[in-house]
There are 2 protein chains.
Amino acid sequence: MSAASCSAAVGRPRAFDKQTALEKALEVFWIKGFDGASLSDLTSAMGINKPSMYSAFGNKEQLFLQAIEFYENRPCSFFKPALEQPTAYKVAEAMLLGAAKNMSDSTHPQGCVMVQGALACSEAAAGVKEELIKRRQQSQEKVQARFELAIEQGDLPKSADPAALARYLNTIIQGISIQASSGATEAQLNEVAQLALASFPRG
Amino acid sequence: MSAASCSAAVGRPRAFDKQTALEKALEVFWIKGFDGASLSDLTSAMGINKPSMYSAFGNKEQLFLQAIEFYENRPCSFFKPALEQPTAYKVAEAMLLGAAKNMSDSTHPQGCVMVQGALACSEAAAGVKEELIKRRQQSQEKVQARFELAIEQGDLPKSADPAALARYLNTIIQGISIQASSGATEAQLNEVAQLALASFPRG
DNA sequence: TGATTTTTGTACTAAAGAGTAAATAACCCT
DNA sequence: AGGGTTATTTACTCTTTAGTACAAAAATCA
């Protein structure tokens, strides 16, 4: 009988939409990083006061963690669909072209918040930095598992090294993130993606 | 009659070595980024008090700029020697293997301070972020110029696109920086470098 | 209507941030 | 030795930081 999913609210109802506020917070963290985003930056973007933020999300660190959780699962993410492509080559292609398009997209901040949210940072951000590293690692492992499957299925040669290929792909995507956050265009990033694909083994 | 180069000091002599202090400051910025490095972090690593820092370096931003100026010109930099390799392929190889070795080297912080010093940051860091972007762009242009020379010299095909190749190389190096700062080993990064080299055109 | 519960706005706290004033200390030059 | 100059130390400024106390407001429940 958990009441979690029940929206029958007792007490004064929340005056803001939690999801919308979270998306606004994500945008601030994306642009400024964990250290660079102050609570004033966050709450003013979210359109709420500090006590509302603390009561809804916990604290700055938990707000960040919830923001990146949403980021990884949001509909426009290119990562998960790419994994479902039928061959390893097509997975790599979808990832790289998806990264090129998505990270340079000007409808949201450029680059990848999983990379730039907390890279070199203060001790206060050590926890979120570790979480980002863990999640990037997990992404890489998913790609590796997909490539291992591809070897079984015969669309990657048996001689291929799935771990190395996954790291290679991740490295280029992370490089594309830096390029995008420095102002590179989708066209420029597509050229990079094409060059990177040239050394990707095909079935 | 500029007295700049003259070391004949009048007044009380500085009690610390400016260069050593600058290297300590670089290390702090490298690990924590501009936003994450506080003046206390910096001055305690430098072994001096704040007024000594301000009188020797100006302010936090100028300290950062002087630190990255040293970083780019320090003897163990792999970038400039790589540019002097005799062919474009060898330039790319020296860059990638140099990046893999250098950025994972545990005698200093991992990754590249030109990337992680100020990526997503506060407004206070906007100036240093722009400076880092500018310098990364300049590095890329130097590589591009080197590849244009290689086409002239015949060790890159006339059909090669020097700008795209330079961006490709830079992207991978920046990706390697992220990987290194997340704990990747030199061996792992070498594998990435080898895969990246596979799609690099040879004369 | 009144009791209960939760959110909201304002105002606050304590700590840390960058940067500075001013007195003292250590050197050179005469 | 004494004057000029620069560095160092201590103690301070003012602002911003993350986080919170508390009273008023807005809903449900009885």
Side-chain angles (χ1 to χ4, degrees), chain A residues 3-4 6-22 24-25 28-29 32-67 117-118 121-129, chain B residues 1 3-4 6-22 24-25 28-29 32-67 117-118 121-128:
Chain A
C6 178
S7 65
V10 61
R12 178 171 176 172
R14 184 171 282 141
F16 63 96
D17 181 57
K18 198 174 164 183
Q19 179 59 33
T20 307
L22 187 61
K24 289 294 184 185
V28 174
F29 283 130
K32 299 195 168 186
F34 185 85
D35 276 334
S38 72
L39 276 184
S40 316
D41 292 334
L42 291 162
T43 52
S44 78
M46 297 163 91
I48 60 179
N49 290 314
K50 279 189 279 185
S52 298
M53 192 288 275
Y54 278 92
S55 108
F57 299 100
N59 61 17
K60 188 184 173 185
E61 175 161 355
Q62 292 182 316
L63 176 63
F64 183 92
L65 295 175
Q66 290 170 66
C121 56
S122 71
E123 276 121 17
V128 306
K129 175 183 169 180
Chain B
M1 273 287 224
C6 180
S7 65
V10 60
R12 179 171 175 172
R14 183 172 283 140
F16 62 96
D17 182 55
K18 198 175 164 184
Q19 180 58 33
T20 306
L22 187 61
K24 290 294 185 185
V28 175
F29 283 130
K32 301 197 167 183
F34 185 84
D35 276 336
S38 73
L39 275 185
S40 316
D41 293 333
L42 290 162
T43 52
S44 79
M46 297 164 90
I48 59 178
N49 291 315
K50 281 190 279 185
S52 296
M53 192 287 274
Y54 279 91
S55 105
F57 299 101
N59 60 17
K60 189 184 173 186
E61 175 162 354
Q62 292 182 316
L63 176 63
F64 183 92
L65 295 176
Q66 289 169 67
C121 56
S122 71
E123 276 120 17
V128 306

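In what follows, chains carry the letters A, B, and so on, assigned in the order in which the sequence lines appear, proteins first and then strands, with residues in each chain numbered from 1.
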*Nearest-angstrom distance from the residue atom CG of B:Leu42 to P of C:dG17*: 10 Å
*B:Phe57 CZ - C:dT20 P separation (whole Å)*: 16 Å
*Nearest to side-chain heavy atoms of A:Tyr54, which nucleotide of D:dT5, D:dA7, D:dG19*: D:dG19
*Could you run down nucleotides 11-17 of chain D 5' to 3' and tag each one B, S or - for protein heavy-atom contact under 4.0 Å?*
------S
*Does the side chain of B:Ser52 get closer than 4.0 angstrom to OP1 or OP2 of D:dA7 through an N or O atom?*
no
*Within the pair A:Asn49 and C:dT8, is there a side-chain N or O less than 4.0 Å away from OP1 or OP2?*
no
*If you take all heavy atoms of A:Gly36 and B:Asp35, which pair is closest and at what distance?*
CA-OD2, 3.6 Å
_Rounded distance (Å) that lies between atom C1' of C:dT7 and atom CZ of A:Phe16_ = 9 Å
*Measure the distance from NZ on A:Lys18 to P on C:dT6 and round it to the nearest whole Å.*
14 Å
*Report yes or no: does B:Lys18 contribute a side-chain atom to a donor-acceptor pair with the main-chain N or O of B:Ala56 at less than 3.5 Å?*
yes
*Compare every heavy atom of A:Ala118 with every heavy atom of A:Lys129, then report the nearest pair and how far apart it is.*
CG-O, 3.7 Å
_Using whole Å, what does the distance between atom P of nucleotide C:dG17 and atom CG of B:Leu63 come to?_
15 Å
*Please tell me which of B:Gly58 and B:Pro13 maps to the more 5' nucleotide of DNA chain C, matching each residue to the nucleotide holding its nearest heavy atom.*
B:Gly58
*Where each residue is assigned the nucleotide of DNA chain D containing its nearest heavy atom, which of B:Ile48 and A:Phe34 is assigned the position nearer the 5′ end?*
B:Ile48
*Grab the two heavy atoms, one from B:Val28 and one from B:Ala45, that are nearest each other, plus how far apart they are.*
CG2-CB, 3.5 Å
_Atom-pair distance (CZ on A:Arg14; P on D:dT28), nearest Å_ = 16 Å
_Under 3.5 Å side-chain donor-acceptor pair for B:Asn49 and B:Ser52_ = no
*Considering only D:dA26, C:dA26, D:dA18, which nucleotide approaches the side chain of B:Arg12 most closely?*
C:dA26
*Minimum-distance nucleotide to A:Asn59 side chain [options: D:dG19, C:dT20, D:dA7]*: D:dG19
_Heavy-atom pair with the smallest gap, counting every atom of A:Ala25 and A:Leu42_ = O-CD2, 3.9 Å
Only pairs under 3.5 Å count here: list side-chain donor-acceptor contacts from residues 57-64 of chain A, not counting sequence neighbours, and write none if there are none.
unit_1	atom_1	unit_2	atom_2	d
A:Asn59	OD1	A:Glu61	N	3.2
A:Asn59	OD1	A:Gln62	N	2.9
A:Lys60	NZ	A:Phe34	O	2.9
A:Lys60	NZ	A:Ala37	O	2.8

